[in-house]
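Have a look at the structure below before the remarks.
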Amino acid sequence: MENCIFCKIIAGEIPSAKVYEDEDMLVFRDINPQAKVHCLCVPKSHFATLAEMNAEQAEILKKCFVKIPGLAKSLGLENGYRLIVNQGKDAGQTVFHLHIHILGGQDMGEKLI
Ligand code: DGP
């Protein structure tokens with residue numbers, strides 16, 4: 001997708017601190033971390049939000065959620081972590097390529113963020 005920063009990261013046109021990659025997803029460190037550990041799990045297939053997701057992309061998203069627990073363990077998040085998937089402007093979504101924030105490495109508190 002033209003002008004999508006995450007598509008450019010996936011294509012290797014913009015560097016990222018990669019944590020994991022396979023044919024379906026790329027996981028890399030967030031450039032502006034909001035916790036001691038803050039990674040983004042990004043399906044390689046471009047879609048902006050869940051509302052635009054097709055059946056094939058839903059299967060890929062499922063693979064992302066299946067993969068995340070093992071990744072979290074390798075990131076040292078055995079004590080827990082928070083997943084956030086912002087949907088649209090009011091949620092604060094700034095990059096319109098669906099991604100799952102993986103946050104942890106500290107007590108995240110009981111509040112929303
Ligand atoms: P969201 O607000 O949910 O759309 O989150 C977008 C996240 O993407 C935000 O936490 C910052 C991160 N981000 C934006 N541009 C880059 C980039 O070029 N590299 C990396 N590693 N992260 C980025």
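For ligands, and for the atoms within them, numbers begin at 1 and follow the listed sequence. Atoms considered below: every heavy atom in the structure, side chains included; atoms not considered: hydrogens, waters and symmetry mates.
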Could you check His97 against His99 for ring-ring contact (aromatic ring centres under 6.0 Å, His included), going step by step and ending with a plain yes or no? CA-CA 6 Å; His97 179 134; His99 51 280; 7.8 Å; no

Within the 4.5 Å heavy-atom criterion, are Glu21 and Lys44 side-chain neighbours or not?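 Sidechains of Lys44 and Glu21: in contact.
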
Is there a polar contact between ligand 1 and His38, counting only N or O atoms under 3.5 Å apart?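 No: no nitrogen or oxygen of His38 is under 3.5 Å from one in ligand 1.
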
Does an N or O anywhere in Gly92 fall below 3.5 Å from an N or O of ligand 1?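 There is such a contact, yes.
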
Nearest non-hydrogen partners of Leu103 and Ala35, listed with the distance: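 Nearest heavy atoms, Leu103 then Ala35: CD2-CB, 4.0 Å.
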
Distance from [atom] to nearest protein heavy atom, with residue and atom:
atom                    : value
atom 1 (P) of ligand 1  : His99 NE2, 3.2 Å
atom 21 (N) of ligand 1 : Arg29 O, 2.9 Å
atom 14 (C) of ligand 1 : Val95 CG2, 4.0 Å
atom 8 (O) of ligand 1  : Phe6 CZ, 3.4 Å
atom 18 (O) of ligand 1 : Ile5 CD1, 3.7 Å

Donor-acceptor pair, [X] side chain versus [Y] backbone, under 3.5 Å?
X     : Y     : answer
Glu13 : Lys8  : no
Gln93 : Ala48 : yes
Gln57 : His46 : yes

Atoms of ligand 1, numbered as shown, that sit under 4.0 Å from any heavy atom of [X]:
X      : value
His101 : 1 (P), 3 (O), 5 (O), 7 (C), 10 (O)
Asn86  : 1 (P), 2 (O), 3 (O)
Leu40  : 8 (O), 12 (C)
Phe28  : 20 (C), 21 (N)
Ile9   : 17 (C), 18 (O), 19 (N)

Indicate, with yes or no, if Ile14 and Met1 share a hydrophobic cluster defined by side-chain heavy-atom contacts under 4.5 Å among Ile, Leu, Val, Met, Phe, Trp and Tyr.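 They do not share one cluster, since no chain of ILVMFWY contacts under 4.5 Å joins Met1 to Ile14.
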
Hey, any chance Phe28 and Val95 share a hydrophobic cluster, counting ILVMFWY side chains that come within less than 4.5 Å of each other, even indirectly?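 Yes, Phe28 connects to Val95 through the hydrophobic network.
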
Per atom 22 (N) of ligand 1, closest listed option by heavy atom (Leu103, Ile31, Thr94):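 It is Ile31 that holds the nearest heavy atom.
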
Counting heavy atoms only, which of Asp30, Val85, Ile84, Ile14 comes nearest to atom 11 (C) of ligand 1?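 Considering heavy atoms of Asp30, Val85, Ile84, Ile14, the nearest to atom 11 (C) of ligand 1 sits in Asp30.
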
Once side-chain contact (heavy atoms from CB on, under 4.5 Å) is applied, do any residues pair with Asp24, and if so which ones, sequence neighbours excluded?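 In terms of side-chain contact (heavy atoms from CB on, under 4.5 Å), with neighbours along the sequence ignored, Asp24 is linked to Asp22, Ile60, Lys63.
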
Min heavy-atom dist Asn32 to ligand 1 below 4.0 Å: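 Contact absent.
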
Heavy atoms only, cut-off 4.0 Å: how does Phe96 contact ligand 1, side chain, backbone, both, or neither?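 It is neither part, as no heavy atom is under 4.0 Å.
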
Under the 4.5 Å side-chain heavy-atom rule for ILVMFWY, direct or indirect, which residues accompany Leu83?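 Taking Ile, Leu, Val, Met, Phe, Trp and Tyr as members, Leu83 shares its hydrophobic cluster with Val19, Tyr20, Met25, Val27, Val37, Phe47, Leu50, Met53, Leu61, Phe65, Ile68, Leu71, Leu75, Leu77, Tyr81, Val85, Leu98, Ile100, Ile102.
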
